[in-house]
Trainee: 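Before I ask anything, here is the structure I am working with.
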There are 2 protein chains.
Amino acid sequence: MAEAVHRLIAHDGLDAATMAAVAREAGFSVGLVQHYFKSKDELLLFAYQRITASLLERVATITARGEAAGQPIRDILLTGLKELLPLDAARRGEHRVSRAFQARAMDVPAAAAVAEATAAMITGKIAQGVENGKECGEVEPGTDAALGAVELTALTDGLADRLYREPDRSVAGRSGAEAAEAILADRLAALFPGECRHYA
Amino acid sequence: MAEAVHRLIAHDGLDAATMAAVAREAGFSVGLVQHYFKSKDELLLFAYQRITASLLERVATITARGEAAGQPIRDILLTGLKELLPLDAARRGEHRVSRAFQARAMDVPAAAAVAEATAAMITGKIAQGVENGKECGEVEPGTDAALGAVELTALTDGLADRLYREPDRSVAGRSGAEAAEAILADRLAALFPGECRHYA
DNA sequence: GGAATAACCATACGGCGGTATGGCTACGAG
DNA sequence: CTCGTAGCCATACCGCCGTATGGTTATTCC
């Protein structure tokens with residue numbers, strides 16, 4: 001059902017996610033949807049939680065793979081952040097859903113809590129990466145991890161918005177996607193100027 | 001009327017901006033609203049345009065003042081970008097309205113056009129500032145103005161979101177607002193490392 | 001086996017939102 | 001003067017949406 005919600009929002013916006021539409025899309029009756037969710041709010045909140053959870057999980061898998069391969073933290077973070085950009089149809093849909101819920105979060109406290117928790121999760125992971133970078137030598141000791149993490153998440157968020165809005169607008173010769181990646185890579189390089197001692 | 005729409009959205013979200021509510025808030029009858037706007041879409045689009053226009057105008061005024069005072073471009077841009085952050089109640093309301101419409105822009109092409117034009121305006125102004133900075137010596141000649149402008153707008157956007165979401169979350173000892181300003185100032189300082197020749 | 005609980009459905013209901021309709025005043029142009 | 005147009009209003013209409021209701025079929029547990 002949550003997937004039906006996802007599909008509907010990704011395709012026609014939040015307003016298209018009506019009870020009847022969700023039931024139809026999922027192949028169930030309206031009554032069944034009601035059987036599992038007391039109210040529409042509950043359904044939407046559940047769907048939101050599921051979607052963000054699956055996003056976070058996907059990123060976690062990717063970063064875990066990077067760690068296992070012994071990549072520099074800088075590269076792992078870049079891959080993880082790039083995953084958050086709407087670079088293909090699936091992620092464009094995801095971005096649309098995510099933004100729809102973030103807008104909704106401005107009116108619905110429960111949704112705001114999910115949004116906040118998700119954001120905290122991401123910045124937390126990044127800050128952890130920076131701290132780890134200090135220990136292994138990729139990051140200068142004096143670097144403020146929390147501040148850097150906030151900057152990176154904000155930057156990624158903003159780039160994602162722009163990429164969604166104008167996927168084909170090129171910047172300085174580069175495609176939009178390339179420009180976004182270049183900007184992220186540049187900032188990460190600035191934040192992680194060193195090499196990890198373990199592979200020196 | 002557009003102001004009524006603004007107030008309603010800022011206070012209770014986009015869904016609260018119904019024809020009846022707008023009429024009531026503006027002190028008119030529903031019929032009058034219909035008299036001026038053929039449809040609700042038209043009303044909302046008009047309100048969106050007005051709101052973004054007034055925002056851009058406000059920023060233009062501020063930057064013009066900075067120019068008149070002979071401030072370095074770096075400082076002018078910082079002031080301008082800070083104006084885009086939801087740092088007080090009024091701007092929090094504005095941000096809410098703006099985000100509501102941006103979400104709507106994902107479904108309504110006309111709204112998307114407004115959003116795109118606004119974004120283009122802002123990045124354009126910043127890119128212009130960077131170019132000017134090259135001429136006056138604040139910016140290194142090799143700097144890519146377009147890329148820097150995209151980065152700054154994306155960063156500001158993301159910081160605005162975060163600031164709205166968690167206005168009281170402090171970062172590394174700083175308040176959220178201070179952290180956002182510090183991040184912006186830092187990036188601007190990196191992009192505009194030099195001093196303007198005219199005041200050397 | 002049978003009762004209780006869960007899965008599942010069709011449909012009715014009440015409300016509300018956007019739009020349509022018809023009418024009333026005022027006023028400036030011809 | 002009067003006619004047309006703009007400003008303005010109350011209300012009716014219709015459709016849609018969330019939810020409530022009452023029921024039927026499975027499943028599970030004593």
Trainee: With a cut-off of 6.0 Å (strictly less than), are more than 12 heavy atoms of other residues, nucleotides or ligands near CD of A/Glu42?
Mentor: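 Check passes, neighbour count above 12.
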
Trainee: Taking the six-membered ring of B/Tyr164 (Phe, Tyr or Trp), confirm whether the NZ or CZ of B/Arg92 is under 6.0 Å from its centre and within 45° of its axis.
Mentor: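 Output yes; distance and angle both within limits.
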
Trainee: Would B/Arg99 and A/Asp161 count as a salt bridge (charged side-chain N to carboxylate O under 4.0 Å, His left out) if you check the C-alpha gap in whole Å, the side-chain angles of each, and the deciding distance to 0.1 Å?
Mentor: CA-CA 11 Å; B/Arg99 280 296 167 191; A/Asp161 274 348; 3.2 Å; yes

Trainee: Using a strict cut-off of less than 4.0 Å between a Lys/Arg side-chain nitrogen and an Asp/Glu carboxylate oxygen, indicate whether A/Arg162 and B/Glu116 qualify as a salt bridge.
Mentor: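 Answer for the salt bridge query: no.
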
Trainee: Going by atom types alone, do B/Thr61 and B/Glu57 pair a side-chain donor with an acceptor below 3.5 Å?
Mentor: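 No donor-acceptor contact under 3.5 Å links the two side chains.
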
Trainee: Provide a list of protein-nucleic acid N or O atom pairs under 3.5 angstrom, restricted to nucleotides 4-8 of chain D.
Mentor:
{"residue": "D/dG7", "atom": "OP2", "partner": "B/His35", "partner atom": "NE2", "Å": "3.1"}
{"residue": "D/dC8", "atom": "OP2", "partner": "B/Tyr36", "partner atom": "OH", "Å": "3.4"}

Trainee: Assess whether salt bridge (charged side-chain N to carboxylate O under 4.0 Å, His left out) is satisfied between B/Glu140 and B/Lys134, documenting all intermediate values.
Mentor: CA-CA 6 Å; B/Glu140 300 287 325; B/Lys134 284 189 199 171; over 6 Å; no

Trainee: Under 3.5 Å, which protein N or O atoms sit close to an N or O of nucleotides 13-19 of chain D? Give each pair with its distance.
Mentor:
{"residue": "D/dG18", "atom": "OP1", "partner": "A/Lys40", "partner atom": "NZ", "Å": "2.3"}
{"residue": "D/dG18", "atom": "OP2", "partner": "A/Thr18", "partner atom": "OG1", "Å": "3.0"}
{"residue": "D/dG18", "atom": "OP2", "partner": "A/Met19", "partner atom": "N", "Å": "2.8"}
{"residue": "D/dT19", "atom": "OP2", "partner": "A/Lys40", "partner atom": "N", "Å": "2.9"}

Trainee: If we ignore angles and hydrogens, is there a donor and acceptor under 3.5 Å between the side chains of B/Glu83 and B/Thr79?
Mentor: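 Looking only at side-chain atoms, B/Thr79 and B/Glu83 do not form any donor-acceptor pair under 3.5 Å.
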
